[in-house]
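Worksheet: one structure, shown below.
Letters A, B, ... mirror the listed sequences (proteins, then strands); counts begin at 1. This structure is a prediction, so every number in the text was calculated from the model and none was measured. Hydrogens, waters and symmetry mates play no part in the numbers below; they use all other heavy atoms, side chains included.
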Amino acid sequence: MYDVIIIGAGVSGSSSARELSRYKARVCVLEKAEDVCCGTSKANSAIVHAGYDAANGSLMAKLNVQGNEMMEELSRELDFSFNRCGSLVVCIDKDSLPDLKALYERGVKNGVKDMQLILDRDEIFKLEPNLSDEVVGVLYAPTAGIVCPFGMNIAMAENANANGVEFKFDTEVTGLRPIEGGWEIETNNGTYQTRCVVNAAGVYSDKFHNMVSEKKIHITPRRGDYCLLDKKAGKHVKHTIFALPSKYGKGVLVSPTVHGNLLVGPTAIDIEDKEATATTRAGLDELIEKAGLNVKNLPMRQVITSFAGLRAHEDGHEFIIGEVPGAPGFVDCAAIESPGLTSAPAIGKMVAGIVRDLLDLEENPDFNGTRKGILDPDTLSTEEYNELIKKNPAYGNIICRCEMVTEGEILDAIHRPLGAKSLDSVKRRTRAGMGRCQSGFCSPRVMEILARELNMGMLDITKSGGSSKLAVGTNKDRI
Amino acid sequence: MKSYDIVIIGGGPAGLAAAIAAKKEGVDSILILERDKELGGILNQCIHNGFGLHTFKEELTGPEYAARFIDQAAELGIEYKLRTMVTNISPDKVVTALNREEGLFSIQAKAVVLSMGCRERSRGALNIPGYRPAGIFSAGTAQRLVNMEGYMPGREVVILGSGDIGLIMARRMTLEGAKVKVVAELMPYSGGLKRNIVQCLDDYGIPLKLSHTVVEIRGKERVEGVTLAQVDGKGKPIPGTEEDYDCDTLLLSVGLIPENELSGDMGVEMNPVTSGPKVDERMQTNIEGVFACGNVLHVHDLVDFVSEEAAAAGRNAARYVKGGENQSTGQVIALNPVNGVRYTVPCTIDPAKMDDEQVVRFRVGSVFKNCFIGVYFDDERVQHRKRQVMAPGEMEEVKLEKAKLLERPGLKTITIQVEEA
């Protein structure tokens with residue numbers, strides 16, 4: 001019997017797992033996909049919000065500000081990319097200036113530090129030259145930042161795993177049943193027993209909550225379409241640019257990414273299908289139309305890919321974290337929508353605290369909170385790099401030419417704890433295939449490496465697990 | 001730091017031809033840097049025939065065509081490094097590269113020939129909505145999987161884009177046992193060679209739907225189908241014209257982009273029309289001693305023309321190194337592509353430095369029937385050549401004679417345009 005089973009290896013589940021690994025407990029994470037970071041956590045704005053958005057006194061506000069404050073140190077401990085680039089909320093309509101001021105005041109009450117309301121256009125353009133000429137004021141929040149969402153999620157999971165947390169992939173929870181002293185969890189991969197359950201199932205967290213509670217919750221997958229632009233456009237803005245909702249609509253954000261691309265999005269389209277991550281023509285057209293409202297001369301011709309993510313929007317628009325009344329040992333970590341990524345470090349801490357108190361867990365004296373990420377040779381001096389290639393020539397072999405990813409990095413991604421097994425899982429760990437040619441060049445090469453290293457046939461290599469096979473047969477095999 | 005007279009970036013058809021020509025012009029110190037495991041570039045995966053009709057007057061496969069040049073380079077003792085990725089070229093021609101054996105190393109070159117080729121435009125660049133399942137391949141990636149590795153990327157195929165690689169892959173997939181259901185082309189004309197439409201689609205009964213595009217991709221893990229729709233004159237899908245196709249594979253042949261990240265970083269000036277460097281009559285870029293040729297300069301339809309153009313780049317690089325170039329008289333004639341002519345290579349001509357005959361290559365912007373190509377020296381028409389059909393998929397050329405240009409020391413602009421009958 002496990003002490004804790006966490007449903008979902010997204011950023012909330014993985015953060016909870018890592019925080020729980022600080023205690024002496026048998027913890028297991030069940031994930032229906034083939035890898036960590038396969039749902040909402042992989043397709044979002046990658047923003048570390050300052051914390052002025054959420055309502056005063058809400059759990060969202062509290063965890064947002066806390067998560068933001070934790071991010072810097074955590075990114076060092078766990079070696080993932082984070083850049084406190086600051087954000088600007090842009091107001092292009094004089095009539096909406098009171099709303100900008102209200103946002104500032106809400107931020108102050110939420111405990112957001114160092115914000116500035118700037119109404120001097122010269123000062124605004126000095127800060128961000130490519131803002132719309134219509135700008136009349138901005139809310140500058142220097143504490144906002146950008147993060148690698150995959151990097152953070154994967155780092156948390158790897159570190160949890162290094163500290164003893166088990167992960168079971170391709171394992172979908174199908175049923176929950178209270179048993180003596182805990183819960184029995186039914187999956188497509190066998191039955192598990194645990195003293196405590198953490199429901200970190202993202203857009204599915206209502207499903208599991210509703211299995212054990214009379215007080216139903218309802219999550220609406222709120223689809224957000226995004227466009228990612230070439231690195232050539234990456235310096236178009238320096239800060240994350242939000243639109244102040246106005247008579248022109250809600251607007252979309254424009255932000256640099258930690259990897260040097262430019263991200264434009266998201267739309268907000270409420271749907272019911274929890275798997276419908278397809279972009280639509282209407283969604284992409286809306287993005288292209290709205291993106292230009294606050295930022296001028298956006299080079300939308302330099303889009304290299306578009307994607308959609310689903311926010312786990314609950315009707316009450318508030319994080320639901322805590323033991324479910326009437327379901328002892330069942331802890332919700334549900335309805336985690338924006339600012340969920342920012343809040344993740346604080347969410348993990350809060351969940352672990354609840355579980356610790358429930359199970360009366362002792363500290364794990366062997367806990368090691370530091371984790372080394374995949375070595376990026378770009379961070380080395382020429383001498384260090386050449387030393388590395390001498391020791392391991394795979395670092396001298398470029399596999400992904402757009403992102404300059406070496407075979408050495410890919411081998412590391414495959415062989416480290418919770419290693420990559422598919423094209424997309426290599427991509428999220430190393431960026432191979434994430435560049436301007438979108439894996440046209442490197443995909444056959446990465447397939448070969450995966451097949452060789454994992455001792456699999458080329459026909460078994462998938463894009464992202466399940467039935468996403470890339471090659472379906474050999475030449476003339478059906479003739 | 002090691003130094004070479006000429007460093008050639010890329011060992012495909014352009015790089016090989018440039019190296020051979022430079023060697024024959026009398027430069028011995030030449031190094032080709034190639035990122036793949038063998039020389040020959042993209043030709044190695046082009047196993048169909050039809051290469052070399054102009055150069056060798058016979059029909060060769062891609063690897064055979066490449067082999068002719070590889071053998072010649074070997075006979076001439078031209079040095080090359082394989083599995084070597086160039087990571088940077090500085091404006092003063094220090095080439096930095098990376099491989100397993102030598103690590104990160106730098107080479108000082110007197111002249112550099114850019115011959116990195118091109119890459120395929122991806123699905124993302126087209127903003128096709130839908131899921132992102134397995135089974136969406138650029139045609140060239142599929143070609144590599146099939147022709148070099150022996151794996152089928154799918155069984156039931158829809159192809160978007162009628163570029164040459166897409167057409168060639170329609171035939172290849174059919175020959176390997178797949179069912180190619182349709183080729184859809186956004187434009188009202190094909191982007192590929194006429195002969196490929198006949199030999200790769202018509203001969204196998206594969207329909208080509210012009211003015212059509214993919215408006216939806218179905219299937220979350222693997223492609224399950226796509227929806228095509230007709231587009232209007234602006235390329236916008238027309239509601240009500242949607243047609244569903246069940247398929248497990250979508251191949252994209254929607255354009256090639258010269259791979260000029262290295263060139264751009266070193267400060268080479270680009271032509272926004274071709275996405276390749278602006279070059280003069282010697283294939284020299286705005287940086288002295290840096291030359292460009294092949295698909296990195298502009299996307300070609302026939303490799304024969306790549307070889308020819310690259311040889312010129314190689315010869316001129318050699319002359320530059322040896323210092324035996326003609327002195328310029330200061331006259332620089334601008335080439336002015338207008339009225340249906342999208343661009344020219346070269347962009348400028350210095351009559352003192354040009355060869356006796358200069359081939360100017362260009363593409364037209366749409367299909368023209370029974371038209372003329374007009375060439376003007378300033379305002380005076382000097383050539384008027386009938387063309388039955390011109391299409392964007394087929395490269396056009398005009399030839400200029402040095403003697404004629406030297407006769408006109410005041411000549412400033414040569415205009416090339418399409419003219420109605």
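Looking only at heavy-atom pairs under 4.5 Å with chain B, the residue among T406(A), I389(A), T305(A), T279(A) that has the most is T279(A). Contact count against chain B (heavy-atom pairs under 4.5 Å) is highest for S467(A) among S443(A), G465(A), S467(A), S306(A). For the options R436(A), M447(A), M458(A), E448(A), heavy-atom pairs under 4.5 Å to chain B are most numerous at R436(A). Contacts with chain B were tallied for Q438(A), K390(A), K232(A), E275(A); E275(A) has the most, counting heavy-atom pairs under 4.5 Å. Looking only at heavy-atom pairs under 4.5 Å with chain A, the residue among P237(B), G140(B), P153(B) that has the most is P153(B).
Between M404(A) atom CE and I398(A) atom CD1 the span is 5.0 Å, to the nearest 0.5 Å.
If you measure heavy-atom distances from N397(A) to chain B, the contacts under 4.5 Å come from both the backbone and the side chain. With a threshold of 4.5 angstrom between heavy atoms, R121(B) does not approach chain A through any atom at all. Of the atoms belonging to T84(B), not a single heavy atom falls under 4.5 Å from chain A. Both the backbone and the side chain of L104(B) come within less than 4.5 Å of a heavy atom of chain A. Within the 4.5 angstrom heavy-atom criterion, only side-chain atoms of D36(B), from C-beta onward, approach chain A. Heavy atoms of F105(B) lying under 4.5 Å from chain A are absent altogether. Neither the backbone nor the side chain of E387(A) comes within contact range of chain B; no heavy atoms are under 4.5 Å apart. Of the two parts of I136(B), neither the backbone nor the side chain holds a non-hydrogen atom closer than 4.5 Å to a non-hydrogen atom of chain A. For R144(B), the part lying near chain A is the side chain, with the backbone staying farther off; criterion is any non-hydrogen pair under 4.5 Å.
Of residues 251-264 of chain B, those residues with a non-hydrogen atom less than 4.5 Å from any non-hydrogen atom of chain A are, in numerical order, E259(B), E261(B).
Residues that satisfy the ring pair (Phe, Tyr, Trp, His ring centres under 6.0 Å) test with H48(B), not counting sequence neighbours, are F51(B). For Y151(B), there are no ring pair (Phe, Tyr, Trp, His ring centres under 6.0 Å) partners two or more places apart in sequence or in a different chain. By the ring pair (Phe, Tyr, Trp, His ring centres under 6.0 Å) test, F307(A) is found to be paired with Y226(A), residues two or more places apart in sequence or in another chain being considered.
Of all the heavy atoms in D35(A) and R428(A), the pair that sits closest is OD2-NH2, 3.2 Å.
Side-chain contact of T227(B) with R218(B): a donor-acceptor pair under 3.5 Å is present, judged by distance alone.
For the pair R429(A) (side chain) and S425(A) (backbone), a donor-acceptor distance under 3.5 Å is present.
Between R401(A) and C437(A) there is a side-chain heavy-atom pair separated by less than 4.5 Å. The side-chain heavy atoms of Q143(B) and I165(B), taken from C-beta on, include a pair separated by under 4.5 Å.
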